[in-house]
Amino acid sequence: MKRARGFSANVANQRCGIIPCMNSSLLSGLNPEQRQAVTLPHQSALILAGAGSGKTRVLTTRIAWLISTGAVSPHGILAVTFTNKAAREMLTRLTAMLPINSRGLWIGTFHGLCNRMLRAHYREANLPQTFQILDSGDQLSAIKRLMKAMNVDDEKYPPREMQNFISGSKEQGLRAHEVEAYDPYTRRKVEVFAEYDAQCQREGVVDFSELLLRSYELLSRNAAIREHYQERFRHILVDEFQDTNKLQYQWLKLLAGRHSALFAVGDDDQSIYAFRGAHVGNMQELTRDFHVENIIKLEQNYRSHGNILDAANALISNNRSRLGKNLWTAENGGELLRVYEAPTDVEEAGFIVSEIQLLKSEGVNLKEIALLYRSNAQSRVLEHALVSAGLSYRVYGGLRFFERQEIKHALAYLRLMENTGDDNALLRIINFPTRGIGARSIEQLQEAAKMNSAPLWDAAAALTRRCEASGAGEAASHPLPQSAGPASNVSRDVARAGGKVTAFVALIESLRSATRELPLPEIMDHVLEHSGLIAYYRNETGAKKREAEERLENLNELVNAATLFVHENEDDSLTAFLSHASLEAGEHQAGDQDDALHLMTVHAAKGLEFHTVFITGLEEGLFPHQNSQNVDGGLDEERRLMYVAITRARRRLYLSFAQSRMLHGQVSYGMASSFLRELPENLLHWITPRVAQRSAFARSFTPQHDAPPASPVQRSSAPSIWRSGQAVFHTKFGEGMIVNLEGSGSDARVQVNFRKAGVKWLALEYAKLTPVD
DNA sequence: CGCACGTGGTTTTTT
DNA sequence: ACCACGTGCG
């Protein structure tokens, strides 16, 4: 056996007998560039990793290599990703390569790692030990509540916009007082921003961007802590570096000390998140700031056939200011890209369904097929067609487990038990399930709390004490004379509401004391039962019965999640679980089918791959999206999005568009996407006749009813019966469905998928074909 | 308190 | 067309 050469292997050899062998096997199968990246000496590097070039493999192998050669201990590694999924993937692959204990390894998302750091130094970060994390929804309700208290006009200042302003500023690394505000409008927003931060601080909560900013400030202000981490993390590795925002990059720079090497992996061509603050410029800045001498390019693609890659390369070459990269593959060209022009969105969906049925009959698994679209609304018409055809599918996106109403309610009980300063949590549950505490009582609590600048909980508890002292029953037992006046009415109201509030305070107190010593799943169980949540959903009848049953199932699932969490995590405290719930909102949807089609936005498809991909709705205004036209660099980002979409396909790629589609409740007519024109013609196979192609490009707005698509097959007799999806009968082959049309006049041919005889091309002029209803 | 009805918005999204 | 949110009534 060839020995791994030199010193490093010997060092490893002394530490662990099996490692030299592992070491060489680590590198086997890597191409020269991958190997160069993996075995880079201790220096900062930028790895420009194209789609499907083995990016994750390089990243994980680099870590394994560093550890196995003894260059660094697991303790000295910091590896950062954007999603929990990516972090899990990295950890799984790494532990498969190296028998190491993952404890002490800092592999996680930016937010997860910042959380970890802030927990460890909560005092220095000026946070309570049990600080909780607001997800975007929590943040929005906190902002709405604050704006109400500050009397901010929510028409002039939409809360959503305010939220973007606050998060956006923090992601630039800016506190309220650092934001430039030259006009009264912005100054007001800055005021709200400042107040919002104060409110969060009072309530002991942090939002997502605060996790990062607070961690950044901790490091920049506290030299001892900063030096500790700089000394510790000899190797910092970043995944999807093109997606980092300014604050994340600053954070990385602060963590990287004199002895640290930053290993950044990214692809500027796949930067599709500028709209949420991602700053591709970080790649250029990195090469300057960290004196990166040569950028390693991973350009060999292991995913797609040649024609698909050529199309992707051609498209992306239209973007200016790229770092420059050209994907190639050892595979052959493979199939041409199939382009389909449909008269309507419904027919586009029909075509897709018939193609899928064809693929299925050829043995392609449904889960190997993806239907991609630019915006979520487009899934509806596709879903409709799939349901009709009885094809199982799974839509990605939408509500996730920990974001569900019933789960948020349950967690709010736990949050309030843990931290009575959490007004968000209190407001969510003080009257859910309903316990007679209405808007009026809550207002009174808020007034009292504001007066003492105390949390709502304290006001509620004080009310409880007052009721006990003065006797809550007094006002109720003495019927008040009519002349008693408003003051007495108020005190009566307070007393009556006080009773209810008292009961609520007592409930929380009793939940707390009853669960003090219990393990997490039992705490959960107890709280679900005694909060009245379970009873509430159980009592639901009528139209909401089904929904309530599902919610009960989810609550049950929450107990399971807690059990799992306890098994998988060292720190199984309630605080840790609540952080987990905020940072990892869980799966989008339960009950995934074994073999189901994947429906998702192009954004959601990043990082995934499929045998066959349908890119749908390729119309000017939809993809590229209309709104991108007004944004600087908007079209380039749309093109990168298209590039991502194309490079998801391994073997077959469909590009489809419709002449008309239902949009915002209205039929709108569009042109073929300009991106189609950017693809080399010799790579495309137009399934619709070429005449139709030209007309699609030339036509601006042509309502289809007065000018049917110039398909030669259809030109002879207005609206032709021969179209995709049409069921037909053939005297010899039996029943089938038209899946393709081609040629014109006497050359016109149709492709039919026959139920028994399989797929055949038939010349319309000769074939004895009859349409079937 | 809870439901009915009206209104406005509608690219992409992780943490 | 559809959904989420807010207001007003019973």
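The analysis underlying the following values was restricted to heavy atoms, covering all of them including side chains, and did not include hydrogens, waters or symmetry mates. Note that the structure is a prediction, hence the values are computed from the model and not measured. Lettering follows sequence order; numbering is per chain, from 1.
- Checked options A:Glu348, A:Glu619, A:Glu347; the residue passing with A:Ser656 is A:Glu348 (criterion: side chain to side chain donor-acceptor pair (under 3.5 Å)).
- The stacking criteria are not both satisfied for A:Tyr273 over the base of B:dT12, which would need a centre-to-centre distance under 5.5 angstrom and an angle between ring planes under 30 degrees.
- Taking only side-chain nitrogens and oxygens, A:Asn376 never comes nearer than 4.0 Å to OP1 or OP2 of B:dT11.
- The side-chain ring of A:His603 is not stacked on the base of B:dT12, judged by centre separation under 5.5 angstrom and plane angle under 30 degrees.
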Anything under 3.5 Å between a protein N or O and an N or O of nucleotides 6-10 of chain C, put it in a table, one pair a line.
none

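- Distances shorter than 4.0 Å separate some side-chain N or O of A:Thr434 from OP1 or OP2 on B:dG2.
- If you take CG on A:Leu641 and CZ on A:Phe675, they are separated by 8.0 Å, rounding to the nearest 0.5 Å.
- Under the ring pair (Phe, Tyr, Trp, His ring centres under 6.0 Å) rule, A:Phe110 has a single partner from A:Tyr249, A:Tyr216, A:Phe82, A:Phe241, which is A:Phe82.
- Between the CZ atom of A:Phe275 and the P atom of B:dT15 there is a distance of 13 Å, given to the nearest Å.
- If you check B:dT12, B:dT15, C:dA1 against the side chain of A:Thr83, the one that comes closest is B:dT15.
- A:Phe82 comes within 4.0 angstrom of the backbone, heavy atoms only, and of no base.
- Figure legend: cation-pi geometry between A:Arg394 and A:Tyr396, with NZ or CZ positioned under 6.0 Å from the six-membered ring centre and within 45° of its axis.
- Atom CG of A:Leu655 sits about 9.5 Å away from atom OG of A:Ser673, to the nearest 0.5 Å.
- A:Gln163 and A:Gln139 share a donor-acceptor pair across their side chains, judged by distance under 3.5 Å alone.
- The residue A:Ser136 sits close to a base: some heavy atom pair falls under 4.0 Å.
- Dashed line: the shortest gap from a side-chain N or O of A:Thr601 to OP1 or OP2 of B:dT13 is under 4.0 Å.
- Using modelled atom types and a 3.5 Å distance limit, the side chains of A:Asn424 and A:Arg145 yield a donor-acceptor pair.
- Using a 4.0 Å cut-off, some side-chain N or O of A:Arg400 falls inside it from OP1 or OP2 of B:dT15.
- Picking from B:dT11, C:dA1, B:dT15 the nucleotide with the shortest atom distance to the side chain of A:Met662 gives C:dA1.
- Taking atom CE of A:Met642 as the reference point, atom P of B:dT12 lies 18 Å away to the nearest angstrom.
- When rounded to the nearest whole Å, the span between CZ of A:Arg440 and C1' of B:dC1 equals 17 Å.
- Where A:Phe110 and A:Gly438 meet DNA chain B, the nucleotide closest to each residue was compared, and A:Gly438 sits on the side nearer the 5' end.
- Atom-to-atom, CD of A:Gln666 to C1' of B:dG9 comes out at 14 Å; the value is rounded to the nearest Å.
- The residue A:Asn84 sits close only to the backbone: its heavy atoms come under 4.0 Å of sugar-phosphate atoms, none of a base.
- When rounded to the nearest whole Å, the span between CD of A:Glu584 and C1' of B:dT14 equals 11 Å.
- Nearest-nucleotide positions on DNA chain B place A:Arg435 closer to the 5' end than the other of A:Arg435 and A:Asn627.
- For A:Asn431, the listed nucleotide lying nearest its side chain is B:dC1; candidates were B:dT15, B:dC1, C:dA1.
- Taking the six-membered ring for Trp, A:His603 and A:Phe275 have ring centres closer than 6.0 Å.
- Rounded to a whole Å, the CG atom of A:Leu663 is 15 Å from the C1' atom of C:dC3.
- The side chain of A:Arg380 contributes no N or O atom lying less than 4.0 Å from OP1 or OP2 of B:dT10.
- Nucleotides C:dC5 and B:dT12 have their P atoms positioned 16 Å apart, rounded to a whole Å.
- Comparing the same atom, P, in B:dT13 and in C:dA4 gives a spacing of 16 Å after rounding to whole Å.
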